[in-house]
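Notes follow once the structure below has been shown.
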Amino acid sequence: MTPELQKRIEDLVKQDKIVVFMKGNKLMPQCGFSNNVVQILNSYGVPYSTVDVLEDGDIRQGIKEYSNWPTIPQLYVDGEFLGGSDIAVEMYNSGELEQKLQVALAS
Amino acid sequence: MVSLAQVKATIEAALTDAQVEVRDLTGGGDHLEAIVISPDFEGKSSVDRHRTIYAVLQQELSAEAIHALALTTRTPQEVAASR
């Protein structure tokens with residue numbers, strides 16, 4: 001990955017406390033897994049930003065290298081990679097996600 | 001496209017005493033779900049566990065033979081505790 005792309009991704013990851021790299025956007029997720037993450041975050045009513053990887057092939061490939069994670073969606077909280085859709089759902093069910101988000105939003 | 005049995009065998013070969021169930025979520029053969037139980041997951045976070053599986057299936061995932069893979073990863077102890 002070029003340093004420029006690395007920097008672009010870092011800026012995107014850190015643009016908000018909660019950031020989702022996904023297919024589509026909040027209003028029109030283009031994939032069921034991306035939709036899972038959006039629905040979870042919406043259920044908490046927390047502010048978050050999304051990055052549509054379908055709009056940018058460099059980001060789509062680059063984010064996978066950045067996190068060493070081969071699939072989309074990817075959820076970032078406070079700049080830290082939390083996981084993909086399955087992990088978001090697991091953490092939602094266990095209550096761990098709500099806790100993480102609250103801590104991030106309060107900081 | 002990759003056969004479910006092949007995915008199962010690939011995961012089983014890479015992990016210790018793995019119990020693996022692979023399902024086709026859509027009937028299209030490329031949206032899969034895998035449930036994997038192995039003592040290798042002991043002491044590992046979900047992220048690390050999933051990364052392990054992704055690494056094993058790197059070829060299939062990068063060639064998009066598998067387009068999506070839903071994962072559930074558990075240790076035998078966790079399975080016993082939830083029963």
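Bear in mind the structure is a predicted one, so any value in this text is a computation, not a measurement. Below, all heavy atoms of this structure are taken into account, side chains as well, without hydrogens, waters or symmetry copies.
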ask   = Going only through I, L, V, M, F, W and Y residues with side-chain contacts under 4.5 Å, is there a path from V22(B) to F33(A)?
value = no

ask   = What is the minimum heavy-atom distance between S67(A) and R51(B), and which atoms define it?
value = O-NH2, 2.6 Å

ask   = Where does L82(A) contact chain B at under 4.5 Å (heavy atoms): side chain, backbone, both or neither?
value = backbone

remark   = Separation between CG (L71(B)) and CD (E90(A)), nearest 0.5 Å, reads 9.5 Å

ask   = Which value, rounded to the nearest 0.5 Å, describes the distance between N68(A) atom CG and D48(B) atom CG?
value = 9.5 Å

query = Which heavy-atom pair separates W69(A) from V47(B) by the least distance, and what is that distance?
reply = CZ3-O, 3.4 Å

task = Could you tell me whether D17(B) atom CG has more than 12 heavy atoms of other residues or ligands within 6.0 Å of it?
result = no

remark   = Residues passing the ring-ring contact (aromatic ring centres under 6.0 Å, His included) test with F41(B), sequence neighbours excluded, are none

ask   = Counting only heavy atoms not in Q15(A), do more than 12 sit closer than 6.0 Å to its CD atom?
value = yes

message = Atom NZ of residue position K100(A) - does it have more than 12 heavy atoms of other residues, nucleotides or ligands inside 6.0 Å?
response = no

Segment of L57(B) engaging chain A (4.5 angstrom heavy-atom cut-off) = neither

Region of I66(B) that comes under 4.5 Å of a non-hydrogen atom in chain A = neither

message = Ignoring hydrogens, what is the shortest heavy-atom contact between H50(B) and D86(A)? Give both atom names and the distance.
response = CE1-CB, 3.7 Å

ask   = CD of E10(A): more than 12 outside heavy atoms within 6.0 angstrom?
value = yes

task = Could you name each residue pair satisfying ring-ring contact (aromatic ring centres under 6.0 Å, His included) that touches residues 14-35 of chain B, not counting sequence neighbours?
result = H31(B)-H67(B)

ask   = Closest heavy-atom contact between T71(A) and L61(B)?
value = CG2-CD2, 4.5 Å

